[in-house]
2 protein chains.
Amino acid sequence: MSDSSSLRTLDNFDLAILNILQRDNTTPQRVIGEAVNLSAPAVQRRIRRMEEAGVIQANVAIVDPAQVGQAITIFVEVEVISETAELIDAAKQEFAAVPEVQQCYYVTGEADFVLVVVVPTMTAYEALTRRLFFGNNNVKRFRTFVAMDRVKVGLAVPLPGD
Amino acid sequence: MSDSSSLRTLDNFDLAILNILQRDNTTPQRVIGEAVNLSAPAVQRRIRRMEEAGVIQANVAIVDPAQVGQAITIFVEVEVISETAELIDAAKQEFAAVPEVQQCYYVTGEADFVLVVVVPTMTAYEALTRRLFFGNNNVKRFRTFVAMDRVKVGLAVPLPGD
DNA sequence: CACTGAATGCAAGATTTTTTCGTGCTAGAG
DNA sequence: CTCTAGCACGAAAAAATCTTGCATTCAGTG
């Protein structure tokens with residue numbers, strides 16, 4: 001899947017382009033070119049290369065959950081009982097496969113997983129916990145944090161020049 | 001900026017379009033049209049309406065942090081001392097303004113804020129904690145979870161039809 | 001000093017996005 | 001019941017963007 005052939009180091013042009021695209025990827029290449037002092041085709045080629053190299057992982061529209069009836073965002077810290085490689089991998093796959101699980105990280109510290117869950121109602125969340133946590137006998141404990149305000153949401157990576 | 005005039009309810013066409021766009025917003029309108037049985041201009045108009053209504057909040061490229069030297073993702077639970085409206089708002093603004101803070105949620109439960117932080121090194125994180133937490137005398141306590149694996153990352157909202 | 005590989009800009013060609021225009025449907029008024 | 005206004009649609013044209021081909025430049029190498 002991930003192509004390692006074109007692993008060239010990113011220069012300042014690439015970083016400047018990324019910085020624009022991770023804020024608005026509908027920006028025309030011509031405009032990007034003017035901003036970074038390159039021609040549109042040069043910008044194009046760099047973008048395509050970064051996509052192939054996996055530097056750009058996806059191009060997506062960000063949807064407001066509240067406006068599509070998925071109003072509740074919840075954080076969950078999950079602690080497992082046994083941390084063997086097999087069980088951890090199984091948990092990863094299980095969590096990742098659930099659409100309501102928007103993000104899933106395997107972490108160190110007082111928990112093993114942190115999940116970001118998006119659901120329409122608390123009832124739906126309760127059902128999800130039954131399925132995902134109570135139904136998994138390797139889950140020792142989980143703690144829930146309900147988001148009252150999505151203060152800042154995004155996946156933008158801090159890049160040199162902020 | 002945000003126009004509240006066109007707050008029409010989303011129909012199944014809109015949801016289908018969103019479902020495509022939140023996975024790949026480079027999909028041509030013509031292709032989307034074929035998928036949902038609509039002409040390209042009809043798709044176009046619906047997209048624009050949803051952008052104006054804020055249903056589509058942004059169009060962005062997702063960048064792999066590791067490939068731009070920002071290899072470490074960290075979760076932080078922050079607990080504050082005083083929870084007055086003013087202090088909470090101040091904290092929101094402060095956290096949101098920091099580029100390294102990729103996401104920030106104000107939550108209920110055993111913590112008040114949950115942050116997702118992206119930094120190049122643990123040293124940088126340590127410096128950030130000094131500035132953001134130790135330097136803020138309304139912060140009672142914070143707990144750090146370092147991500148070992150970004151199992152699932154995204155902002156896709158579960159929509160009818162998954 | 002010549003050669004190779006990589007990246008560039010320009011210009012042409014292909015594709016997509018956007019606008020224009022005419023039609024059909026539906027709801028409300030006369 | 002008929003008429004009209006409002007809306008969304010599709011088809012086609014127009015505008016803009018993306019993509020490709022090609023010649024040139026530059027750095028590194030034999």
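Note that these values count all heavy atoms, side chains included, but never hydrogens, waters or copies made by symmetry. Predicted model only: the values in this text are computed from it and were never measured. Chain naming here is simple, since letters A, B, ... match the order of the sequence lines and numbering starts at 1 in each.
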Q | Lys152(A) (side chain) donor-acceptor with Lys92(B) (main chain) under 3.5 angstrom | A | no
Q: With DNA chain D as reference, determine whether Pro41(B) or Arg46(B) sits nearer its 5' end, using the nearest nucleotide of each.
A: Arg46(B)
**Q.** Euclidean distance, atom CD1 of residue Ile47(A) to atom P of dC18(D) [Å, nearest integer]
**A.** 8 Å
Q: Could you label the plane-to-plane angle of the Phe113(B) and Tyr106(B) rings as parallel, tilted or perpendicular, counting under 30° as parallel and over 60° as perpendicular?
A: tilted
Q | Distance below 4.0 Å between Gln44(B) side-chain N/O and dT17(C) OP1 or OP2 | A | no
Q) What orientation do Phe75(B) and Phe75(A) show, parallel under 30°, tilted 30 to 60°, or perpendicular over 60°? A) perpendicular
Q. So, Glu100(A) and Gln70(A): side-chain donor and acceptor under 3.5 Å apart, yes or no?
A. no
(Q) Looking at Asp11(A) and Arg46(A), is there a salt bridge between them, counting it only when a charged N and a carboxylate O are closer than 4.0 Å? (A) yes
Q.
Mind checking if Arg48(A) touches a base, just sugar-phosphate, or nothing, with heavy atoms under 4.0 Å?
A. nothing
Q: List in numerical order all residues of residues 11-40 of chain B for which some heavy atom is under 4.0 Å away from an atom belonging to DNA chain C.
A: Pro28(B), Gln29(B), Arg30(B)
Q: Measure the distance from CZ on Arg45(A) to C1' on dA6(C) and round it to the nearest whole Å.
A: 11 Å
Q.
I'd like to check Val78(B) versus Phe133(B) (side-chain heavy atoms, cut-off strictly below 4.5 Å). Are they in contact?
A. yes
